[in-house]
2 protein chains.
Amino acid sequence: MKSVTIFSEEQKQAARFAKAMGHPVRMYVLELLTKQSCCYSGDLSDVLPIAKSTLSQHLKELKDVGLIQGEIEAPKVKYCINRENWAKAQKIFNQFLEAV
Amino acid sequence: MKSVTIFSEEQKQAARFAKAMGHPVRMYVLELLTKQSCCYSGDLSDVLPIAKSTLSQHLKELKDVGLIQGEIEAPKVKYCINRENWAKAQKIFNQFLEAV
DNA sequence: ATCTTTGTTCGTAAAATTACGAACAATATG
DNA sequence: CATATTGTTCGTAATTTTACGAACAAAGAT
């Protein structure tokens with residue numbers, strides 16, 4: 001795309017969030033974290049049929065977009081929802097979806 | 001991914017919807033259609049900084065995932081929200097997002 | 001019947017995503 | 001200190017996505 005001024009910041013943010021949610025593994029992780037407050041990468045690795053490096057990439061994506069956060073609890077990493085940005089996503093999607 | 005039985009149908013559906021929403025152009029189209037009931041491809045082509053063939057691809061993606069539907073009104077095509085699937089998306093995302 | 005308008009399809013190129021295993025880093029444990 | 005555990009980073013390959021222009025199809029207008 002040449003320009004980008006056509007899109008509002010909200011639209012771009014919504015697209016970013018949506019894109020991050022657009023993969024079953026990432027959806028799975030998010031949904032788990034909405035249900036159990038936190039988890040360790042290893043818990044996920046045990047149940048998900050992907051290499052740990054791949055999982056790490058997916059978690060990084062979710063972190064980068066701000067939907068989750070990781071806290072080092074050596075040698076593990078504890079992941080949980082980033083509540084601030086989750087609230088943002090809630091607001092954006094509710095507004096958007098309920099408009100019809 | 002080798003297996004896929006880990007993911008629920010709802011998760012996969014949510015990921016599919018989210019993926020479709022995961023691009024500014026598609027987000028723009030969806031948001032427009034939530035606000036004005038319908039539009040012609042040409043209206044979008046006028047305002048969006050992309051080739052008409054690219055736009056057509058994006059619209060096809062939204063159609064394929066079921067979020068919009070197109071009706072031929074020759075020589076134009078009228079697009080609008082697919083209400084049935086939109087309701088599905090609402091339900092899935094509300095359930096998912098409100099869980100935190 | 002020809003031309004115009006509208007949008008899709010096709011072929012293709014560039015970039016991004018998804019995935020893996022190997023190597024590495026950090027820290028706990030023996 | 002050596003070793004085991006946990007997860008990230010790196011290099012790489014395969015696939016998918018995004019984008020364009022050219023060609024095409026359908027139908028209305030002249």
Side-chain angles (χ1 to χ4, degrees), chain A residues 1-7 11-12 14-30 32-33 38-65 67-80, chain B residues 1-7 11-12 14-30 32-33 38-65 67-80:
Chain A
M1 264 179 311
K2 301 146 200 162
S3 153
V4 101
T5 52
I6 281 81
F7 309 113
Q11 266 163 0
K12 287 188 276 182
R16 246 174 274 136
F17 281 145
K19 190 175 174 189
M21 294 187 224
H23 189 285
V25 165
R26 297 194 294 267
M27 204 66 208
Y28 179 93
V29 171
L30 290 174
L32 187 73
L33 288 180
C38 72
C39 75
Y40 295 95
S41 175
D43 305 344
L44 298 165
S45 205
D46 288 345
V47 69
L48 293 172
I50 54 172
K52 59 183 179 159
S53 54
T54 305
L55 175 59
S56 198
Q57 267 184 75
H58 283 302
L59 292 171
K60 180 166 164 28
E61 265 180 86
L62 290 173
K63 237 185 334 188
D64 286 350
V65 83
L67 288 172
I68 68 172
Q69 55 194 330
E71 188 186 334
I72 296 171
E73 250 179 47
K76 299 186 180 184
V77 178
K78 188 172 83 174
Y79 285 100
C80 59
Chain B
M1 261 178 314
K2 301 146 199 165
S3 154
V4 102
T5 51
I6 281 82
F7 308 113
Q11 266 163 1
K12 286 188 276 181
R16 245 175 274 136
F17 280 145
K19 190 175 175 188
M21 296 186 223
H23 189 286
V25 164
R26 297 193 294 266
M27 204 66 207
Y28 179 93
V29 171
L30 290 174
L32 187 74
L33 288 179
C38 73
C39 76
Y40 295 95
S41 177
D43 306 343
L44 298 165
S45 206
D46 288 344
V47 69
L48 292 173
I50 55 174
K52 60 184 180 161
S53 54
T54 305
L55 175 60
S56 198
Q57 267 184 73
H58 283 302
L59 292 171
K60 180 167 163 30
E61 266 181 85
L62 290 173
K63 236 184 336 187
D64 286 350
V65 83
L67 287 173
I68 68 171
Q69 55 194 332
E71 188 187 334
I72 294 170
E73 250 179 47
K76 299 187 181 187
V77 179
K78 188 172 82 175
Y79 286 100
C80 59

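A, B, ... follow the sequence lines: proteins, then strands. Residue 1 opens every chain.
The cationic atom of A:Lys76 (NZ for Lys, CZ for Arg) lies less than 6.0 Å from the six-membered ring centre of A:Tyr40 and within 45° of the ring axis.
OP1 and OP2 of D:dT17 both lie 4.0 Å or more from every side-chain N or O belonging to B:His58. Phosphate proximity of C:dA19 to A:His23: present, with a side-chain N or O under 4.0 Å from OP1 or OP2.
A:Leu59 approaches A:Val29 most closely through the heavy-atom pair CD2-CG1, 3.9 Å. Contact between A:Arg26 and A:Ala20 at its shortest, heavy atoms only, is NE-O, 2.7 Å. Here the closest non-hydrogen pair linking A:Cys38 and A:Cys80 is CB-CB, 4.1 Å.
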request  = Summarise how protein sits on nucleotides 3-8 of chain C as a single string, 5' to 3': B when a protein heavy atom is under 4.0 Å from the base, S for sugar-phosphate-only contact, - for no contact.
outcome  = --BSBB
query = Can you check side chain to side chain donor-acceptor pair (under 3.5 Å) on A:Glu71 and A:Tyr79, steps first, answer last?
reply = CA-CA 6 Å; A:Glu71 188 186 334; A:Tyr79 285 100; over 6 Å; no
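You'll find that the side chain of B:Thr54 is closest to D:dA19, out of C:dC20, D:dT18, D:dA19. Each of C:dA28, D:dT18, D:dG21 was ranked by its minimum atom distance to the side chain of A:Ala74; first place goes to C:dA28.
Rounded to 10 degrees, the angle separating the terminal helix axes of the helix from C:dA1-D:dT30 to C:dG30-D:dC1, each built from five base pairs, is 10°.
Comparing B:Lys60 and A:Lys19 against DNA chain C, the residue whose closest nucleotide sits nearer the 5' end is B:Lys60.
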